2 protein chains.
Amino acid sequence: MILEAANAEFLEKGYDGTTTASIAARAKVTHAMLHYYFQTKENLFEMFVQKKMALVKEAICPPARTATPGNLAEQVRYIVSHHMDFLFSHPELPKFMLREICFNRDSLAMFAAVAHQDGNIMDVAAGLKKAAEKEGLSIGFDIRTIIIEIALFNISAFISTDIRRSCFGESEEAAAAMIENRKTENTERILKMLGK
Amino acid sequence: MILEAANAEFLEKGYDGTTTASIAARAKVTHAMLHYYFQTKENLFEMFVQKKMALVKEAICPPARTATPGNLAEQVRYIVSHHMDFLFSHPELPKFMLREICFNRDSLAMFAAVAHQDGNIMDVAAGLKKAAEKEGLSIGFDIRTIIIEIALFNISAFISTDIRRSCFGESEEAAAAMIENRKTENTERILKMLGK
DNA sequence: AAATAGTTTAACAATTTAGTTAACAAAAGT
DNA sequence: ACTTTTGTTAACTAAATTGTTAAACTATTT
């Protein structure tokens with residue numbers, strides 16, 4: 001399938017490094033076919049980015065829970081844990097996000113727009129603030145910072161395992177254990193940032 | 001100067017996004033001149049990478065001190081602080097490193113090679129281990145992990161300020177204050193990882 | 001079976017890009 | 001003075017890349 005091939009190529013080589021011909025070859029179609037269905041390379045790339053952006057959103061927003069959100073520590077732990085698990089099952093996401101941030105192409109603005117326009121992410125942030133204030137903590141900064149920090153701390157953990165595997169051949173199990181451990185560490189650190 | 005132009009172009013647009021013509025235009029020479037002096041684009045890119053790699057090394061290795069290294073906490077604080085200051089005065093480095101990691105082109109292997117081959121980085125790691133053991137702590141993992149973690153935590157702080165500035169226009173002063181604060185937070189977290 | 005709509009291919013055009021070349025100019029050496 | 005080396009330019013080549021097109025092929029509908 002062309003979209004899957006495009007996905008893989010863009011992830012591996014970025015926009016500039018990918019050619020419509022290489023996508024077509026990977027999808028085992030002629031590149032004329034690719035243009036017949038998707039017209040332009042940019043078009044394909046936009047679809048690719050849109051899909052990943054949707055995943056990014058999903059990663060940050062924990063699924064609605066029937067149970068009450070619980071206290072601040074529980075909420076943070078839940079968000080961190082959910083995000084980690086999500087990254088674990090979508091290992092290409094950190095790479096994608098960092099690449100987009102690095103290459104800009106207004107990606108930061110795009111992230112911001114997605115985050116702002118979308119109620120869910122703002123709700124998550126607001127929910128954290130409310131829970132914190134309920135416990136008598138006063139948040140002296142933009143609460144959205146916390147979302148950014150959670151994302152970055154968690155992503156760092158995955159980048160770290162990547163590097164360790166690549167540099168001194170760490171095992172899958174050790175990596176998984178470390179990720180699990182990071183859930184707790186990152187939760188604690190976020191709570192500390194919230195004044196807890 | 002051609003090398004400066006190449007540096008700026010590669011940082012902004014990456015290898016694939018940069019053309020020899022755009023470098024030449026930026027340096028205000030004909031692109032024939034560029035090829036006369038540097039032969040190939042890859043050649044220029046390699047010089048670019050080499051320079052950045054040297055900076056990366058310099059960033060990790062604190063300058064030799066005349067005074068004794070001090071206890072574990074002081075050592076970690078010193079390394080973290082030095083690294084942060086270095087990143088602060090080389091704001092393009094985090095972007096470069098992340099991009100290289102993302103785009104691979106064997107960059108991870110290159111990082112590993114640089115880190116291994118170079119005595120200084122290994123010395124820093126070994127120094128930490130020795131200091132930790134002197135204080136009765138047993139390090140149950142590869143000590144190089146700590147170097148990676150320091151680098152990633154610190155880089156994260158700069159990425160975070162980038163995002164905050166871009167997304168909700170945080171001021172320079174707030175960013176600088178946050179970076180300063182992160183020196184302490186990151187130091188504490190690294191110490192905790194070392195069992196302290 | 002004929003018409004029609006959708007799919008596929010091969011060949012092609014236009015542009016971009018890395019790198020070359022030949023001619024020329026300016027220094028530097030002899 | 002003249003010869004060699006070095007720097008510079010404009011024009012060029014060859015390959016790659018995006019996108020098109022016309023014709024052929026296939027499936028579906030009528």
Side-chain angles (χ1 to χ4, degrees), chain A residues 1-54 92 95-96 98-107 109-110, chain B residues 1-54 92 95-110:
Chain A
M1 204 218 194
I2 291 174
L3 281 171
E4 280 166 34
N7 182 70
E9 289 284 310
F10 284 136
L11 268 179
E12 268 176 37
K13 302 188 273 190
Y15 182 82
D16 293 314
T18 298
T19 67
T20 53
S22 72
I23 297 173
R26 190 168 200 142
K28 281 167 193 156
V29 299
T30 62
H31 84 284
M33 279 308 302
L34 182 147
H35 284 287
Y36 172 69
Y37 282 116
F38 298 99
Q39 292 79 49
T40 66
K41 180 182 168 183
E42 256 195 64
N43 199 357
L44 265 173
F45 187 71
E46 246 165 60
M47 291 184 187
F48 163 74
V49 171
Q50 287 308 324
K51 263 191 206 164
K52 293 298 171 204
M53 285 298 201
E92 84 283 8
K95 213 170 152 181
F96 166 79
L98 289 180
R99 192 205 301 261
E100 284 305 300
I101 288 172
C102 287
F103 268 93
N104 236 341
R105 353 185 122 256
D106 316 308
S107 279
M110 224 163 140
Chain B
M1 205 219 192
I2 292 173
L3 281 170
E4 282 166 32
N7 183 71
E9 288 284 310
F10 284 137
L11 267 178
E12 268 176 37
K13 303 187 273 190
Y15 182 82
D16 293 314
T18 298
T19 67
T20 53
S22 73
I23 296 173
R26 191 169 200 141
K28 280 166 194 157
V29 298
T30 62
H31 85 284
M33 280 308 305
L34 183 147
H35 283 288
Y36 174 68
Y37 282 115
F38 298 98
Q39 292 81 51
T40 66
K41 181 182 169 184
E42 255 195 65
N43 200 356
L44 265 174
F45 187 71
E46 245 165 60
M47 290 184 189
F48 163 74
V49 171
Q50 286 308 324
K51 264 191 208 166
K52 294 299 173 204
M53 284 299 201
E92 83 283 7
K95 214 171 150 180
F96 165 78
M97 284 183 68
L98 289 180
R99 192 207 299 264
E100 283 305 301
I101 289 171
C102 288
F103 269 93
N104 235 342
R105 352 184 117 257
D106 316 307
S107 279
L108 269 181
M110 225 165 139

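All values reported here derive from a predicted model rather than from experimental measurement. Within every chain, numbering begins at 1; the chains are lettered A, B, ... in the order of the sequence lines, protein sequences first and strands thereafter.
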Asks: Is there a side-chain contact (heavy atoms from CB on, under 4.5 Å) between B:M47 and B:N7? Walk through the geometry before answering.
Replies: CA-CA 9 Å; B:M47 290 184 189; B:N7 183 71; over 6 Å; no

Asks: Nearest-Å distance, NE2 (B:H35) to P (D:dT8)?
Replies: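 To the nearest whole Å, that distance equals 16 Å.
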
Asks: Give, ordered by number, those residues of residues 6-13 of chain B having at least one heavy-atom distance below 4.0 Å to an atom of DNA chain C; if nothing qualifies, reply none.
Replies: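 When residues 6-13 of chain B is checked for heavy atoms under 4.0 Å from DNA chain C, there are no hits whatsoever.
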
Asks: Checking side chain to side chain contact (heavy atoms under 4.5 Å, CB included) against B:E9, which of B:I23, B:L44, B:T20 comes through?
Replies: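 When B:I23, B:L44, B:T20 are each tested with B:E9, the side chain to side chain contact (heavy atoms under 4.5 Å, CB included) holds only for B:I23.
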
Asks: To the nearest 0.5 Å, tell me how far B:F45 CZ sits from B:T40 OG1.
Replies: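 Nearest 0.5 Å value for the CZ-OG1 distance: 12.0 Å.
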
Asks: Are A:K41 and A:Y15 in a cation-pi setup, meaning NZ or CZ lies under 6.0 angstrom from the ring centre and within 45 degrees of the ring axis?
Replies: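 Yes, A:K41 and A:Y15 form such a contact.
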
Asks: Begin with the C-alpha distance, continue with both residues' side-chain angles, and end with the deciding distance and a verdict on side-chain contact (heavy atoms from CB on, under 4.5 Å) for B:L3 and B:K51.
Replies: CA-CA 11 Å; B:L3 281 170; B:K51 264 191 208 166; 4.1 Å; yes

Asks: When the ring planes of B:H31 and B:H35 are compared, do they come out parallel, tilted or perpendicular, using 30° and 60° as the limits?
Replies: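 Rings of B:H31 and B:H35: perpendicular, as their planes differ by over 60°.
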
Asks: Contact class for B:Y37 vs. all strands (heavy atom < 4.0 Å): base, sugar-phosphate, or nothing?
Replies: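 If one applies the 4.0 Å heavy-atom cut-off, B:Y37 turns out to touch the sugar-phosphate alone, with no base involved.
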
Asks: Under 4.0 Å: is that the gap between some side-chain N or O of B:T20 and OP1 or OP2 of C:dT17?
Replies: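 For C:dT17, OP1/OP2 do not have a side-chain N/O of B:T20 under 4.0 Å.
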
Asks: To the nearest Å, give me how far apart CZ (B:F38) and C1' (C:dT20) are.
Replies: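 Rounded to whole Å, this separation is 18 Å.
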
Asks: Counting only side-chain heavy atoms from C-beta out, which of C:dA18, D:dA10, D:dT21 sits nearest to B:T19?
Replies: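 Of C:dA18, D:dA10, D:dT21, C:dA18 is nearest to the side chain of B:T19.
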
Asks: Rounded to the Å, how far apart are B:L34 CG and C:dA18 P?
Replies: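 After rounding, the reported distance stands at 9 Å.
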
Asks: Over all strands shown, is B:S22 touching base, sugar-phosphate only, or nothing at heavy-atom distances under 4.0 angstrom?
Replies: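 Since no nucleic acid heavy atom lies under 4.0 Å of B:S22, the category is nothing.
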
Asks: Whole Å only: how far is the OH atom of B:Y15 from the C1' atom of C:dA18?
Replies: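 So the two atoms are 9 Å apart, to the nearest Å.
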
Asks: Between atom CE in B:M33 and atom C1' in C:dT21, what is the gap in whole Å?
Replies: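 So the two atoms are 15 Å apart, to the nearest Å.
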
Asks: Which whole-number value in Å describes the distance from A:K41 NZ to D:dT17 C1'?
Replies: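 Distance check: A:K41 NZ to D:dT17 C1' gives 8 Å.
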
Asks: Does B:T30 make a side-chain N or O approach to OP1 or OP2 of D:dT8 shorter than 4.0 Å?
Replies: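 For D:dT8, OP1/OP2 do not have a side-chain N/O of B:T30 under 4.0 Å.
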
Asks: Would you kindly give the OH-to-P distance between A:Y36 and C:dC12, to the nearest whole Å?
Replies: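 Answer to the nearest Å: 23 Å.
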
Asks: Salt bridge (charged side-chain N to carboxylate O under 4.0 Å, His left out) with A:E12: which of A:R26, A:R99, A:K95?
Replies: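 Looking at A:R26, A:R99, A:K95, the match for A:E12 under the salt bridge (charged side-chain N to carboxylate O under 4.0 Å, His left out) is A:R26.
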
Asks: Send over the distance from B:H31 NE2 to C:dT16 P, rounded to a whole Å.
Replies: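 Spelled out: NE2 on B:H31 to P on C:dT16 is 14 Å.
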
